[in-house]
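Worth knowing before you read on, the calculation uses all heavy atoms, side chains too, and leaves out hydrogens, waters and symmetry mates. The first residue in the sequence is number 1, and the count goes up from there. These figures come from a predicted structure and were not determined experimentally.
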Amino acid sequence: QVQLVESGGGSVQAGGSLTLSCAAPRSLFSINEFGWFRQTPGSQREMVAVYNSGGMTNYADSVKGRFTISRDFTENTVTLQMDSLQPGDTAVYYCYASRWHYPDVYWGQGTQVTVSA
């Protein structure tokens, strides 16, 4: 059961930009952490950027200054603006959400981002 719906993946040349969007169902209320992870075939899934309900953001060191996360609390969406993309950003990107007072976490279906040199 996919709870989060992603869009915006694709292929781009190095130095280009992509925007990823994720929509949580309206019924998935009380989201605290809302953001993005990524994974390549030979690696662990890693946090890319997260926006919590208090307005705090966390970024992986590798994307600081290049990626910007934003959140619309009313629409229950989160967006990742990716600029100055590098081949090392190539991965499957997964939307992630956790909730206050609930133990479950939620994931998107995964969207491929490919950056060519």
Side-chain angles (χ1 to χ4, degrees):
Q1 179 64 246
V2 178
Q3 299 295 322
L4 310 176
V5 179
E6 305 174 15
S7 62
S11 298
V12 68
Q13 295 292 119
S17 297
L18 286 172
T19 302
L20 303 182
S21 297
C22 177
R26 301 299 299 178
S27 61
L28 194 64
F29 52 85
S30 300
I31 294 175
N32 180 20
E33 296 180 330
F34 201 7
W36 297 88
F37 285 63
R38 67 187 181 188
Q39 188 170 24
T40 56
S43 67
Q44 299 286 109
R45 190 172 297 185
E46 65 174 349
M47 187 274 291
V48 178
V50 173
Y51 195 126
N52 75 14
S53 60
M56 296 289 294
T57 58
N58 290 315
Y59 294 92
D61 288 342
S62 60
V63 308
K64 287 179 180 176
R66 300 188 297 116
F67 292 9
T68 304
I69 190 167
S70 59
R71 180 173 176 178
D72 189 322
F73 288 88
T74 300
E75 296 296 325
N76 226 22
T77 59
V78 66
T79 299
L80 186 67
Q81 177 65 45
M82 304 185 293
D83 297 317
S84 301
L85 282 161
Q86 303 166 2
D89 297 316
T90 296
V92 177
Y93 285 69
Y94 296 90
C95 188
Y96 164 86
S98 64
R99 303 169 71 188
W100 284 113
H101 313 304
Y102 296 88
D104 295 338
V105 299
Y106 300 86
W107 295 97
Q109 75 276 15
T111 186
Q112 178 71 46
V113 170
T114 301
V115 184
S116 301

As an exercise, state the distance from CG of L80 to OG1 of T68, rounded to the nearest 0.5 Å.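 Taking CG in L80 and OG1 in T68, the distance rounds to 8.0 Å.
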
**OP:** Tell me, with the steps shown, if V78 and W36 meet side chain to side chain contact (heavy atoms under 4.5 Å, CB included).
**Re:** CA-CA 9 Å; V78 66; W36 297 88; 3.9 Å; yes

Indicate every side-chain donor-acceptor pair of residues 51-60 with a distance under 3.5 Å to a residue at least two apart or in another chain.
residue	atom	partner	partner atom	Å
N52	OD1	G54	N	2.9
N52	OD1	G55	N	3.2
N52	OD1	M56	N	2.9
S53	OG	N32	OD1	3.0
S53	OG	W100	NE1	2.8
Y59	OH	I69	N	2.9

Taking the six-membered ring for Trp, are Y102 and F29 parallel (under 30°), tilted (30 to 60°) or perpendicular (over 60°)?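 If you compare the ring of Y102 with that of F29, the planes turn out perpendicular.
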
Can a donor-acceptor pair be found, under 3.5 Å and without considering hydrogens, that links the side chain of R99 to the backbone of E33?
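Not confirmed, R99 side chain does not pair with E33 backbone.
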
Under 3.5 Å donor-acceptor, T79 side chain and S21 backbone:
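Not a single qualifying donor-acceptor pair exists.
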
For the pair R38 and V63, evaluate side chain to side chain contact (heavy atoms under 4.5 Å, CB included) and give the outcome as yes or no after the intermediate values. CA-CA 12 Å; R38 67 187 181 188; V63 308; 3.9 Å; yes

Step by step, would you call L18 with D89 a side chain to side chain contact (heavy atoms under 4.5 Å, CB included)?
CA-CA 11 Å; L18 286 172; D89 297 316; over 6 Å; no

At their closest point, which heavy atom of [X] faces which heavy atom of [Y], and how far apart are they?
| X | Y | answer |
| --- | --- | --- |
| T74 | D72 | N-OD1, 3.0 Å |
| N76 | R26 | N-NH1, 3.8 Å |
| M82 | V113 | CE-CG2, 4.0 Å |
| L4 | A97 | CD1-N, 3.8 Å |

Ring centroids only, cut at 6.0 angstrom: are W107 and Y96 within range, meaning strictly under it?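 Ring centroids of W107 and Y96 are less than 6.0 Å from each other.
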
Without placing hydrogens or testing angles, list every side-chain donor-acceptor pair under 3.5 Å for residues 5-14, not counting sequence neighbours.
residue	atom	partner	partner atom	Å
E6	OE1	T111	N	3.2
E6	OE2	C95	N	2.7
E6	OE2	G110	N	3.3

- After noting the C-alpha distance and the side-chain angles of L85 and F67, does the key distance pass the side chain to side chain contact (heavy atoms under 4.5 Å, CB included) rule? CA-CA 9 Å; L85 282 161; F67 292 9; 3.8 Å; yes

